[in-house]
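Below is one structure; the comments refer to it alone.
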Amino acid sequence: MPRTRIKDILASDKTDYTVTIKGWVRSFRNNQFIALNDGSCLNNLQAVITLDTDEALVRNINPGASLSITGTVVASLGKGQKVELKTESIELLGACDPEKYPLQLKNKPSLEYLREIAHLRFRTNTFGAVFRVRHTLAYAIHKFYNDRGFVYLHTPIVTGSDAEGAGEMFRVTTLPFDNPPRNEDNSIDYKEDFFGKSTNLTVSGQLEAELGAMAFGEVYTFGPTFRAENSNTARHLAEFWMIEPEVAFNDINDNMDLAEDFIRYIIGYAMEHNREDLDFLATRLADEDKQKPMNERSEMGLVEKLDVVLNNKFERITYTEAIDILLQSPHYKKKKFQYDVSWGIDLQSEHERYLVEKHFKKPVIVTGYPKDIKAFYMRQNDDGKTVAAMDILAPGIGEIVGGSQREERLEKLLQRMEEMHIPAHEMEWYLDTRRFGTVPHAGFGLGFERIVQFVTGMGNIRDVIPFPRTPKNAEF
RNA sequence: UCCUCCUUAGCUCAGUUGGUUAGAGCACCUGACUGUUAAUCAGGGGGUCUCUGGUUCAAGUCCAGAAGGGGGAGCCA
């Protein structure tokens with residue numbers, strides 16, 4: 001008999017039909033009631049076993065054991081669930097030693113501990129919900145761009161370009177590290193390496209995506225990205241996933257509209273398709289909040305926060321306005337900022353948090369940053385001081401999107417590369433887009449795990465990726 | 001990488017000015033229990049106090065170093 005997913009059984013009021021369910025035992029109460037979960041949804045289906053069930057089998061019905069149960073779906077005799085399964089036959093698929101199994105329903109393992117047992121943490125309510133939401137967001141991303149005619153472009157993971165300037169890179173090589181071939185000046189001879197040159201893992205697909213945009217009009221990338229920064233924070237990973245749309249003929253305002261529509265769409269999609277999981281995560285977060293002192297508690301619940309994002313335009317301000325707001329703030333006047341504020345500084349975390357969490361209380365898009373604190377490819381504004389950059393700052397997360405209108409004018413781009421010591425001769429393939437039919441264009445990068453954090457309310461980015469890679473940690 | 005806090009039973013934690021045999025709740029084991037909902041009740045077992053070195057008559061407790069983790073910062077998405 002084919003397997004029926006528990007989600008489908010629970011979603012329907014239908015009764016008096018026979019099904020086979022397969023899953024893992026969450027709890028076994030009163031030698032009679034099995035709570036079975038198959039991962040299709042948050043909730044378990046209660047299977048009621050009969051008195052004549054084989055004793056040896058009953059002894060093996062422990063949390064974590066896998067079972068195949070065939071029976072009749074009936075209206076529940078007990079309270080707490082609409083339907084339950086009246087068991088006709090049970091097959092033990094895989095036993096689970098209760099003495100060694102770390103997940104017992106009554107235990108409350110910490111998120112940090114669960115991270116160490118990544119092979120089992122999917123079986124918890126919290127991580128089940130997080131990773132179902134993560135999947136939905138990933139699907140919604142593809143759907144959003146597909147529906148708008150974007151081409152999904154696979155940019156390389158191994159890259160020979162080391163001028164992207166987005167951070168420290170992981171080296172990719174097959175050379176023996178203890179005795180690599182050397183040039184006469186003792187430098188390493190990469191001509192002997194696998195690719196015949198020095199190669200790294202990508203830190204961004206943007207430059208390659210720009211090439212695609214110059215032919216398809218609109219493209220996006222969605223793939224793994226690697227940064228070898230020694231960052232030990234709740235919002236950095238060494239391996240993370242990034243979405244980078246790039247659109248020909250778009251200016252910075254089109255870019256902001258796209259980013260805002262995009263974020264709103266995928267959040268709305270998750271709200272529509274994972275409401276049960278999000279409600280659970282909201283409750284989890286509210287419970288966690290109760291442990292905190294009053295002044296550290298969040299002002300609104302998770303679902304409420306997502307509703308605010310869905311129903312309100314993001315605040316759009318220029319960098320210059322942001323600096324003014326900070327300078328005028330009571331916070332600044334009371335000298336509560338650790339870092340001083342003046343035009344030209346890079347906004348510090350505390351400044352971004354103030355703008356987003358205290359002043360506007362919703363996502364904020366900041367544009368027009370000083371050119372000296374931004375990347376070489378960003379389009380120079382007419383004032384000669386700023387570039388058409390945009391960062392989207394989200395409450396609790398910080399920077400969730402970084403993007404810009406790109407400098408499409410070859411002369412201006414070359415001049416900026418020279419000022420910033422970017423070797424133009426290594427990037428002719430990129431500069432050619434500005435030589436052969438250049439057009440205004442714009443794009444941005446959205447950190448996938450950061451949006452998953454925002455939607456699920458998880459405080460640590462390591463808890464929204466199945467197998468986190470961070471400095472000193474590459475388990476599994 | 002910097003600042004700061006932490007590491008004690010399978011899990012979550014307590015452990016006083018250094019002092020005899022290191023505790024609790026849950027989990028686990030044994031038994032009871034056929035309408036439970038984190039099931040409940042009775043009984044039982046379980047420890048390299050993260051590691052290395054030091055001070056001391058005596059170290060879970062004090063000192064130094066290492067590893068791992070939390071919170072904050074920098075870098076960024």
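Chain naming here is simple, since letters A, B, ... match the order of the sequence lines and numbering starts at 1 in each. Values in this document were obtained by computation on a predicted structure and should not be read as measured data.
Straight-line distance from the CD atom of A:E352 to the C1' atom of B:rG74: 12 Å, rounded to whole Å. In this structure, A:E99 places its CD atom 13 Å from P of B:rC11, rounding to the nearest Å. Atom CG in A:L103 sits roughly 14 Å away from atom C1' in B:rA38 (whole-Å rounding). One can place CZ of A:F28 at 12 Å from C1' of B:rC33, the figure rounded to the nearest angstrom. Nucleotide B:rG71 holds its C1' atom 11 Å from the CD atom of A:E112, rounded to whole Å. If you take CZ of A:F454 and P of B:rA77, they are 18 Å apart, rounded to a whole angstrom. Atom C1' of nucleotide B:rA77 and atom CZ of A:F448 are separated by 13 Å, given to the nearest angstrom. Between the CD1 atom of A:I397 and the P atom of B:rC76 there is a distance of 18 Å, rounded to whole Å.
Applying the 3.5 Å distance criterion, the base of B:rG35 shares a donor-acceptor pair with the side chain of A:E84. Contact annotation: side chain of A:Q46 to base of B:rU36, donor-acceptor pair present below 3.5 Å. The base of B:rU1 lies close enough to the side chain of A:N232 for a donor and an acceptor atom to sit less than 3.5 Å apart. In this model, a side-chain donor or acceptor of A:Q81 finds a partner on the base of B:rU36 within 3.5 Å. Between the side chain of A:S231 and the base of B:rC76 there is no donor-acceptor pair of N/O atoms closer than 3.5 Å. A donor-acceptor contact under 3.5 angstrom links the side-chain atoms of A:R450 to the base of B:rC76.
Within 4.0 Å of A:G445, counting heavy atoms only, lie sugar-phosphate atoms of the nucleic acid but no base atom. Residue-level contact check: A:I49 touches neither bases nor backbone, having no heavy atom under 4.0 Å from any strand. Contacts of A:L77 with the nucleic acid, taken as non-hydrogen atoms under 4.0 Å apart, include base atoms. Contact annotation for A:Y339: backbone-only contact, meaning every heavy-atom pair under 4.0 Å involves sugar-phosphate atoms and none involves a base. As judged by a 4.0 angstrom heavy-atom cut-off over every strand, A:R59 is placed among residues making no nucleic acid contact. Within the nucleic acid shown, A:S110 comes within 4.0 Å of sugar-phosphate atoms alone, with no base atom in reach, counting heavy atoms only. Among the heavy atoms of the strands, none lies under 4.0 Å from A:Y101. At the heavy-atom level, A:T225 lies nowhere under 4.0 Å from the strands shown. Using a 4.0 Å heavy-atom distance criterion, A:K472 is classed as a sugar-phosphate-only contact.
In this model, the phosphate group of B:rG68 is not approached by any side-chain N or O of A:R115 to a distance below 4.0 Å at OP1 or OP2. An OP1 or OP2 oxygen of B:rC75 is reached within less than 4.0 angstrom by no side-chain nitrogen or oxygen of A:T233. A:N62 has no side-chain polar atom (N or O) that falls below the 4.0 Å cut-off from OP1 or OP2 of B:rA27. Remark: A:S349 is not in phosphate contact with B:rG72, judged by side-chain N or O atoms under 4.0 Å from OP1 or OP2. Taking only side-chain nitrogens and oxygens, A:R29 never comes nearer than 4.0 Å to OP1 or OP2 of B:rC33. Side-chain N/O atoms of A:N30 include none lying less than 4.0 angstrom from OP1 or OP2 on B:rU36. Within the 4.0 Å cut-off from OP1 or OP2 of B:rC11, not a single side-chain nitrogen or oxygen of A:Q104 is found.
Sequence order on RNA chain B of the closest nucleotides to A:N31 and A:R353 puts A:N31 first from the 5' end. Nearer to the 5' terminus of RNA chain B, by closest-nucleotide assignment, is the contact made by A:D97 (compared with the other of A:D97 and A:Q32).
Rounded to whole Å, the separation between the C1' atoms of B:rG15 and B:rG19 comes to 14 Å. Taking the P atoms as reference points, B:rU8 lies 24 Å from B:rU1, given to the whole Å. Nucleotides B:rG23 and B:rA14 place their C1' atoms 7 Å apart, quoted to the nearest Å. B:rC2 and B:rU16 have their C1' atoms separated by 35 Å, with the value rounded to a whole Å.
Of the residues A:E407, A:R379, A:K371, the one that meets the side-chain contact (heavy atoms from CB on, under 4.5 Å) test with A:R416 is A:K371.
Judged purely by atom type and a 3.5 angstrom limit, A:D261 has no side-chain atom pairing as donor or acceptor with the backbone of A:L258.
Taking the six-membered ring where the residue is Trp, A:H119 and A:F476 present tilted rings, their angle falling between 30° and 60°. Ring geometry for A:H351 against A:F337 counts as perpendicular: the plane angle is over 60°, on a 0 to 90° scale with 30° as the lower cut.
Rounding to the nearest 0.5 Å gives a distance of 11.5 Å between CG of A:D38 and OG of A:S68.
Contact detail for A:G160 and A:T199: the closest heavy-atom pair is CA-CG2, 4.2 Å.
Side chains of A:R148 and A:Y220: no donor on one and acceptor on the other come within 3.5 Å. The closest side-chain donor-acceptor pair between A:R316 and A:N253, if any, does not fall under 3.5 angstrom. If you check the side chains of A:E210 and A:Y377, you find no donor sitting under 3.5 Å from an acceptor.
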Exercise. Based on Watson-Crick and G-U pairs with both distances under 3.5 Å, what dot-bracket line describes RNA chain B 5' to 3', crossing pairs as [ ] and inter-strand pairs as |?
Worked result: (((((((..((((.....[...)))).(((((.......))))).....(((((..]....))))))))))))....
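For A:I461, whose side chain is taken as the heavy atoms from C-beta onward, the closest listed nucleotide among B:rC75, B:rA77, B:rC11 is B:rA77.
Residue ring and nucleobase are stacked for A:F240 and B:rA77, with a centre distance beneath 5.5 angstrom and an angle between planes beneath 30°.
Taking the ring axis of A:F454 as reference, the NZ or CZ atom of A:K305 stays within 45° of it and closer than 6.0 Å to the ring centre.
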